[in-house]
Amino acid sequence: MTLGLFVALTMVGCADEVTQPFTPDRAEFSRVNAGGFKHAPMVSVDGTNYYLAGAPDGPGGATDIPGHYWIVGGKGQLQGKHFNTGPFGMSKWWSSDADDGELLYVVHGIIDVWTEEKAADYAMRGYMHYHELVTVLDGTPHPDKVLWLKHTARTTFTLDGGPMPAFSHSVTPGVDLEFIPIGMMPYDPDTP
């Protein structure tokens, strides 16, 4: 693995949340946890614990990007698997023509600040999208850091769902340079 040593994940929930976590029961998900991949992991950034912004379908209502499972590595990096499933197991949420629950992408993420220069540098390396980090305590966005994401497609499909169907496109195996390409849009923690 390119992430070096892995750190143990501590899964915590929000005490005031009553949402039940999504527990995949389909056969294709049985291998996800075998490699240590977890949905809605907690990551420590600048001494504060964060989740990835998203649906509260993780353990105890923890948030994450729908269909994503992660291993948290050192130096602010995450390795992920992106499946064709949505919040709380919604069927075929990302792609209408890929199988339900199919592995669409392997994902690499780097936690870093957003600047125009960094956005251009990350884009040159295939990190076209960033995702927000929210505190475990109260969901407050990180003031200046995001998770830069590079999605590498494993198969051919149409990305026509998810949270931003306006970015619909045909996908072929390899780095998807069109995956919700918002990387050049300045990060504003005050804009949901």
Side-chain angles (χ1 to χ4, degrees), residues 9 11 13-14 17-43 50-72 78-109 126-134 136 139 141 146-183 185 187 191-192:
L9 296 176
M11 302 304 288
C14 300
E17 293 285 340
V18 295
T19 306
Q20 293 299 312
F22 165 58
T23 306
D25 57 2
R26 295 184 296 253
E28 58 267 24
F29 284 104
S30 66
R31 294 180 301 275
V32 173
N33 291 338
F37 288 82
K38 306 276 187 212
H39 184 63
M42 182 180 68
V43 295
Y50 288 86
Y51 293 129
L52 298 178
D57 63 357
T63 62
D64 197 353
I65 308 167
H68 285 67
Y69 290 76
W70 305 97
I71 291 176
V72 179
L78 285 84
Q79 186 69 37
K81 294 180 180 181
H82 178 165
F83 295 90
N84 191 21
T85 189
F88 303 96
M90 186 181 296
S91 179
K92 298 178 76 163
W93 194 65
W94 291 93
S95 172
S96 63
D97 62 0
D99 289 340
D100 182 42
E102 182 175 352
L103 176 61
L104 300 176
Y105 298 99
V106 292
V107 185
H108 185 251
Y127 296 82
M128 309 306 292
H129 179 75
Y130 65 78
H131 198 82
E132 298 80 8
L133 304 165
V134 294
V136 168
V146 295
L147 179 65
W148 290 95
L149 295 172
K150 176 168 54 174
H151 282 71
T152 303
R154 308 302 297 161
T155 187
T156 300
F157 60 94
T158 304
L159 186 72
D160 57 358
M164 296 185 174
F167 289 109
S168 176
H169 64 283
S170 295
V171 179
T172 57
V175 176
D176 185 352
L177 299 177
E178 295 181 62
F179 183 87
I180 312 178
I182 63 164
M185 292 175 50
Y187 171 63
T191 302

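The two atoms that bring Ile180 and Pro163 nearest to each other are CD1-CG, 4.3 Å, heavy atoms only. The heavy-atom pair separating Asn84 from Asp100 by the smallest distance is O-OD1, 3.5 Å. Considering every non-hydrogen atom in both Gly58 and Ala40, the closest pair reads CA-CB, 3.8 Å. Nearest approach of Leu52 to His131, heavy atoms of both residues: CB-CD2, 4.1 Å. When all heavy atoms are compared, the tightest approach of Phe179 to Tyr105 is CD1-OH, 3.6 Å. Taking each heavy atom of Trp148 and Gly183 in turn, the nearest pair found is CH2-O, 3.6 Å.
The closest side-chain heavy-atom distance from Tyr51 to Met42 is below 4.5 Å. Thr156 has its side chain within reach of Pro173: a pair of non-hydrogen atoms, C-beta onward, lies under 4.5 Å apart. Between Val171 and Trp94, the closest side-chain pair of non-hydrogen atoms is not below 4.5 Å.
When His108, His151, His129 are each tested for a ring pair (Phe, Tyr, Trp, His ring centres under 6.0 Å) with His82, only one passes: His151.
Side-chain contact, Asp64 with His39: a donor N or O sits under 3.5 Å from an acceptor N or O. Of the N and O atoms on the side chains of Ser96 and Asp160, at least one donor lies less than 3.5 Å from an acceptor on the other residue.
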Assess whether side chain to side chain contact (heavy atoms under 4.5 Å, CB included) is satisfied between Phe88 and Trp93, documenting all intermediate values. CA-CA 11 Å; Phe88 303 96; Trp93 194 65; over 6 Å; no

Between Glu132 and Tyr130, does a side chain to side chain contact (heavy atoms under 4.5 Å, CB included) hold up when you go through it step by step? CA-CA 7 Å; Glu132 298 80 8; Tyr130 65 78; 4.1 Å; yes

Show, in sequence, the C-alpha distance, side-chain angles and deciding distance for Leu103 and Phe83, and conclude whether the side chain to side chain contact (heavy atoms under 4.5 Å, CB included) test is met. CA-CA 4 Å; Leu103 176 61; Phe83 295 90; 3.9 Å; yes

Start with the C-alpha gap between Leu147 and Val43, add the side-chain angles, then the distance that decides, and say whether side chain to side chain contact (heavy atoms under 4.5 Å, CB included) holds. CA-CA 11 Å; Leu147 179 65; Val43 295; over 6 Å; no

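Note that the CD atom of Gln79 and the NZ atom of Lys81 stand 9.5 Å from one another [nearest 0.5 Å]. Here the NE2-CG distance, from His68 to Leu78, works out to 10.5 Å after rounding to the nearest 0.5 Å. Here the CG-NZ distance, from Leu177 to Lys150, works out to 9.5 Å after rounding to the nearest 0.5 Å. How far CZ of Phe167 is from CG of Asp176: 12.0 Å, rounded to the nearest 0.5 Å.
Counting only distance, with no hydrogens or angles, the side chain of Asp99 and the backbone of Glu102 share no donor-acceptor pair below 3.5 Å. Remark: the backbone N or O of Thr158 is paired with a side-chain donor or acceptor of Ser95 at under 3.5 angstrom.
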